[in-house]
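Everything on this sheet refers to the single structure shown next.
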Amino acid sequence: MSVGSTFSMSSAAMLPGPDAPSSDSPDGTEVANGLANVRRIVLMSAPVVGVIAFFLIWQFGVKIFDIQKFVLPRPSDILSSINGDKSYYVRNARTTLWEAFCGFAIAFVLAMIGATVMAHSRFIERASMPLVVLVQVTPIIAYAPAIVIWQGFGLKSILVMTSLVCFVPFLINGVAGMRSVDPNLIELARSVDASRREVFVRLRLPSALPNLFSAARIAVGLALIGAVLGEIYAGSVSGLGYSIKLAQARPTLRMQLWGSIYVLAFIGAAATILISTVERFVLHWHSSQRR
Amino acid sequence: MSESHAVAVTDAPLVCVSGVSKTFRQRGRTVHALREVDLQIGRGEFVSLLGPSGCGKSTLLRIIGGLHQASTGTVSVNGLDADAARAAKQYGLVPQSPALVPWRTVAQNVRFLTGLHRGGASHPVMTDAEIDGLLEAVGLAGFTSAYPHELSGGMQQRASLVRAFALGAPILLMDEPFAALDEITRADMRYLLLDLWSRIGTTVVFVTHSVTEAAILSDRVVVMAARPGRIAAERTIDLPRPRNPAMEDAPEFHEVVRFLRSDLREHHG
Ligand SMILES: Nc1ncnc2c1ncn2[C@@H]1O[C@H](COP(=O)(O)OP(=O)(O)OP(=O)(O)O)[C@@H](O)[C@H]1O
Ligand SMILES: [Mg+2]
């Protein structure tokens, strides 16, 4: 089944495209090295440049095209409104972060158990794949109300939604990763009569790490979707999703809508950067980490 | 046979393959990978399986190693069948690709197989000091904390050799271990392998499709032919040991190569 590739976005895709010049230039003159260094620094700062350019265009676009603050406020206004109400955003961000984190963690643990079973049994893998795909393709928004009816208002429903959306990428990538071991290594292990458990622990689990990191980067966004959606549907009284729901209903809270969006984006970006950093450290041996 | 070689080839064969056939089913068709193969390999002998692509060299090697099941016929190793011999850790495998564990250093990689469950082993693995000695011998002493991706292909293959020798297993099975290397590196690797082998004196079954390689390395060359896979001829190589690159220019060597070539040509096509 080719479902695995759906989620195997590699971190290489997020890095600047063309090969950075290698630092050890053949004739090694200082000028050439200096130039190479400058080019590397320019390439490395490209993502920051992109983000800053986006916000500058937004900032001045609003002014130039004379868009009403009511429709689209300027980034500077949004930031200063967040700054003016810090404790409010911290409180609600903490709620949402906690929900997202718990859902993420529950999904990870359950998916690893599922992936282990599926990696050991082709039958179980094939039998459960249709269900996994169903969960993946059915929009969570559609069955969120059903979950609330089933689990009631409150944290439980939110966690069910959050972990449900994170579960599939972890599961599919986990299985694909566990199966991605170099067949030569499996044969080597077989040649010394290694047990299945040893092959699993020493070869399959570590081989799954690159896929699991890819899954984690995808699951960060999904966990936030789950948490916000949960807060909107499951009758929360705090959290950034709740804050957005309130703001949508009241024109006077328009800045709060944008403030919550910004804080959510910040949380997602920070978590992604954190995961990528850990990944670079843990997967130093993997080709995705080479530039 | 040379006197310098530590382990004498005794009369009782270590590996005894008799009447082995192997058929595979490929998209409804039956492929005769091997038909009626008989082969005996003595203790401490270096035997090469030489033949064109698809003649069943890898299949025969895998059957000897208990990694494939023969369709008919038997394999006995030290009096055990191949599966029991595998359970008794009789084999060290060197595949065509180095197949090092990418998240382990060289030092950890060469001990990777020795570290796997040793229950039922009939012999001890090498000690840490002995393994370090092998790393030294293959020129990897300075790279013990490097990761595979930091090594050249030749260095990776040297680590793979050390990993197999480190098992202390009586039989080493090598499936075209040098095929992916460039010609210059490959030439070095052959003599390096002979050096390790003469230190440790295990039995080696070596698959190759290079006539020169078979002539340089082997005590005996088993020439195979395809469709169906079978043994076409066997030649004992009487070149003196230890062998060295200068020998490749000697007329005796060219003689051996010519015989092997004609064996191959005679049964090809
Ligand atoms: N697992 C398998 N399933 C089906 N057919 C196979 C399998 N392994 C080998 N064969 C077939 O058996 C025959 C012998 O294959 P084998 O790999 O032993 O050849 P070889 O001599 O090692 O060739 P090469 O030099 O290319 O490695 C080939 O026709 C191949 O297609
Ligand atoms: Mg082969």
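To find a chain, count down the sequence lines: A is the first, B the second, and so on, and within it residues start at 1. As the structure is a computational prediction, the values presented were derived from the model and not from experiment. Just so it is clear, the values below take in all heavy atoms, side chains as well, and ignore hydrogens, waters and symmetry mates.
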Within a radius of less than 6.0 Å around [atom1] of [X], do more than 12 heavy atoms belonging to other residues, nucleotides or ligands occur?
X	atom1	answer
A:Phe101	CZ	no
A:Leu134	CG	yes
B:Phe143	CZ	no
B:Phe24	CZ	yes
B:Glu136	CD	no

- Item | Beyond-backbone contact of B:Phe112 with A:Val192, side-chain heavy atoms, under 4.5 angstrom | no

- Item | Taking every non-hydrogen atom, the tightest pair across A:Asp193 and B:Lys89 |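 That closest heavy-atom pairing would be O-NZ, 3.8 Å.
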
- A:Glu187 and B:Arg62: which non-hydrogen atoms are nearest, and at how many Å? OE2-NE, 2.8 Å

- Cut-off 4.5 Å, heavy atoms of chain B, and the answer for A:Leu203 is both

- Within residues 90-106 of chain B, the residues sitting under 4.5 Å from chain A by heavy atom, in sequence order, are B:Tyr91, B:Leu93, B:Pro95, B:Ser97, B:Ala99, B:Leu100, B:Val101, B:Pro102, B:Trp103

- chain A shares the most heavy-atom pairs under 4.5 Å, among B:Ala88, B:Gly65, B:Pro148, B:Gly115, with B:Gly115

- The reported gap from CG in B:Leu116 to CZ in A:Arg190 (rounded to nearest 0.5 angstrom) is 14.0 Å

- Query: Distance from B:Ile171 atom CD1 to A:Ser191 atom OG, nearest 0.5 Å?
  - Reply: 12.0 Å

- Item | Residues from residues 103-124 of chain A approaching chain B under 4.5 Å (heavy atoms) |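 Expected list: none.
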
- Top residue by heavy-atom pair count (under 4.5 Å) with chain B, among A:His284, A:Arg197, A:His286? A:His284

